Amino acid sequence: MSLRLIMVGPPGAGKGTQAVGLCERNEIVQVSTGDLFRAHAKANDELGQLAASYSAKGELVPDEVTNRMVDERLNEDDLVNGFLLDGYPRNVDQVKALDEMLDKRNISIDVVIELVVSDEEVVPRLLERAKIQGRSDDTEDVIRRRLDVYHETTRPIVDVYRERGLLRQVDGVGTVEEVARRIDEVISSL
Ligand code: AP5
Ligand code: MG
């Protein structure tokens with residue numbers, strides 16, 4: 001059975017952490033726009049430089065650039081069994097762009113999982129991660145900006161998917177294993 005899902009939640013909610021195990025268990029592939037941008041930034045190519053100029057401030061990379069990157073990624077063969085979109089779509093216009101990408105391929109999203117975690121919970125998680133990974137956007141100021149962007153711009157997509165009947169909310173507080181079990185329950189109920 002193929003599975004196509006979207007994982008949404010604030011910075012530090014555990015999207016990436018949960019995506020890894022969930023993809024392994026379901027034999028699908030994680031597509032993280034943040035990871036893709038960071039890979040380009042590391043390679044220091046044109047797209048990477050452009051993306052980094054936004055990400056370093058906690059701002060969204062322009063839709064045109066992001067949508068094109070996702071559209072190209074969706075052409076690759078490894079996604080035939082399904083995929084998990086981590087960090088995309090991130091605003092209502094990206095939802096529309098994704099709708100078109102899926103329509104032209106005759107596929108659709110099975111479920112949208114929102115990881116629910118408060119701002120107070122995610123800030124220490126990200127400050128802790130900063131010590132280990134040194135992501136340039138894991139400073140207190142940029143974390144605050146990313147949270148504001150999330151609430152203003154990204155959270156509205158949750159309502160769009162709720163209206164479509166695709167939304168499942170999962171409590172993102174607890175151990176990684178506890179959260180994973182909650183997500184697995186949602187998947188097995190589909
Ligand atoms: P992106 O990489 O998507 O960052 P983000 O949304 O800010 O989310 P994070 O990756 O920081 O958090 P996460 O939810 O994955 O949590 P994680 O599992 O790592 O985007 C970065 C930037 O790229 C954006 O700001 C933007 O500039 C650009 N971008 C990306 N997508 C875009 C788009 N669609 N449009 C435009 N621009 C885009 O966990 C965090 C930490 O918490 C880890 O250390 C982890 O070990 C720990 N942790 C995880 N789970 C738990 C738990 N249950 N309990 C305790 N700690 C936990
Ligand atoms: Mg992530």
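We count ligands from 1, going down the list as the structure has it; atoms in each ligand are counted the same way. In this text, all values refer to a predicted model and were calculated from it rather than measured experimentally.
From the protein, the heavy atom lying nearest to atom 38 (C) of ligand 1 is Phe37 CE1, 3.7 Å. Atom 47 (C) of ligand 1 has Arg125 CD, 4.2 Å as its closest protein atom, hydrogens excluded (heavy atom only). Atom 3 (O) of ligand 1 has its closest protein heavy atom at Arg90 NH1, 3.1 Å. The nearest protein atom to atom 19 (O) of ligand 1, hydrogens excluded, is given as Arg129 NH1, 2.7 Å; this is a heavy-atom distance. The protein atom (non-hydrogen) at minimum distance from atom 15 (O) of ligand 1 is Gly16 N, 2.9 Å. Looking at atom 28 (C) of ligand 1, its nearest protein heavy atom turns out to be Ser55 OG, 3.5 Å. Scanning the protein heavy atoms around atom 46 (O) of ligand 1, the nearest turns out to be Thr17 OG1, 4.2 Å. Nearest protein heavy-atom contact of atom 12 (O) of ligand 1 is Gly12 N, 2.9 Å.
Contact annotation for Arg146 and ligand 1: only side-chain heavy atoms (C-beta onward) come within less than 4.0 Å of the ligand. Under 4.0 angstrom from ligand 1, the non-hydrogen atoms of Gln94 all belong to its side chain. Under 4.0 Å from ligand 1, not a single heavy atom of Gln133 appears. Within the 4.0 Å heavy-atom criterion, neither part of Glu178 lies near ligand 1. When heavy-atom distances to ligand 1 are checked against a 4.0 Å cut-off, Pro10 comes that close only through its backbone atoms N, CA, C and O. Contact annotation: for Leu60 versus ligand 1, heavy atoms closer than 4.0 Å belong to both the backbone and the side chain. Contacts between Leu126 and ligand 1, counted as non-hydrogen atom pairs separated by less than 4.0 Å, involve the side chain only.
Considering only non-hydrogen atoms, atom 31 (N) of ligand 1 lies nearest to Thr33 out of Val149, Thr33, Val176. Comparing Lys57, Glu59, Glu128, Lys15 by heavy-atom distance to atom 25 (O) of ligand 1, the nearest is Glu59. Considering only non-hydrogen atoms, atom 2 (O) of ligand 1 lies nearest to Arg38 out of Arg38, Met69, Met7.
Residues passing the side chain to side chain contact (heavy atoms under 4.5 Å, CB included) test with Ser188, sequence neighbours excluded: none. Every side chain to side chain donor-acceptor pair (under 3.5 Å) that Asp63 has, sequence neighbours left out, goes to Asn91, Gln94.
Of all the heavy atoms in Ile187 and Leu22, the pair that sits closest is CG1-CD1, 4.0 Å. Scanning both residues, Pro89 and Ile6, for their nearest heavy atoms gives CD-CD1, 3.8 Å.
Counting only heavy atoms from C-beta outward, the side chains of Leu50 and Glu46 never approach each other to under 4.5 Å. For the pair Val122 and Pro11, the minimum side-chain heavy-atom distance is 4.5 Å or more.
Taking a cutoff of 4.0 Å between a charged side-chain nitrogen and a carboxylate oxygen, Asp78 and Arg73 qualify as a salt bridge. Look at Asp99 and Lys96 and you find no salt bridge, because none of the NZ, NE, NH1 or NH2 atoms lies under 4.0 Å from a carboxylate O. Ionic pairing of Arg144 and Asp141 is not present here: no N-O contact between side-chain nitrogen and carboxylate oxygen is shorter than 4.0 angstrom. In summary, Arg105 and Asp71 engage in a salt bridge, as defined by a charged side-chain N under 4.0 Å from a carboxylate O.
When the side chains of ILVMFWY residues are joined at heavy-atom separations under 4.5 Å, either directly or via intervening members, Val116 and Val176 end up in two distinct hydrophobic clusters. Transitive grouping of hydrophobic side chains (ILVMFWY, heavy atoms separated by less than 4.5 Å) brings Leu166 and Ile157 into a common cluster.
At least one N or O atom of Gly174, backbone or side chain, sits closer than 3.5 Å to an N or O atom of ligand 1. The N/O atoms of Val61, backbone and side chain alike, include one that comes under 3.5 Å of an N/O atom in ligand 1. At least one N or O atom of Arg135, backbone or side chain, sits closer than 3.5 Å to an N or O atom of ligand 1.
Each of the following atoms of ligand 1 lies closer than 4.0 Å to a heavy atom of Thr66: 33 (C), 34 (N), 35 (N), 36 (C).
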Before you tell me yes or no, could you show the steps for Arg125 and Asp138 under salt bridge (Lys or Arg N to Asp or Glu O under 4.0 Å), namely the whole-Å CA-CA distance, both residues' side-chain angles and the distance that decides it to 0.1 Å? CA-CA 10 Å; Arg125 285 189 190 179; Asp138 280 346; over 6 Å; no
Between Arg145 and Lys57, is the side chain to side chain contact (heavy atoms under 4.5 Å, CB included) condition met? List the steps. CA-CA 8 Å; Arg145 180 62 195 146; Lys57 293 184 284 191; over 6 Å; no
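The closest approach between any non-hydrogen atom of Ala13 and ligand 1 is below 4.0 Å.
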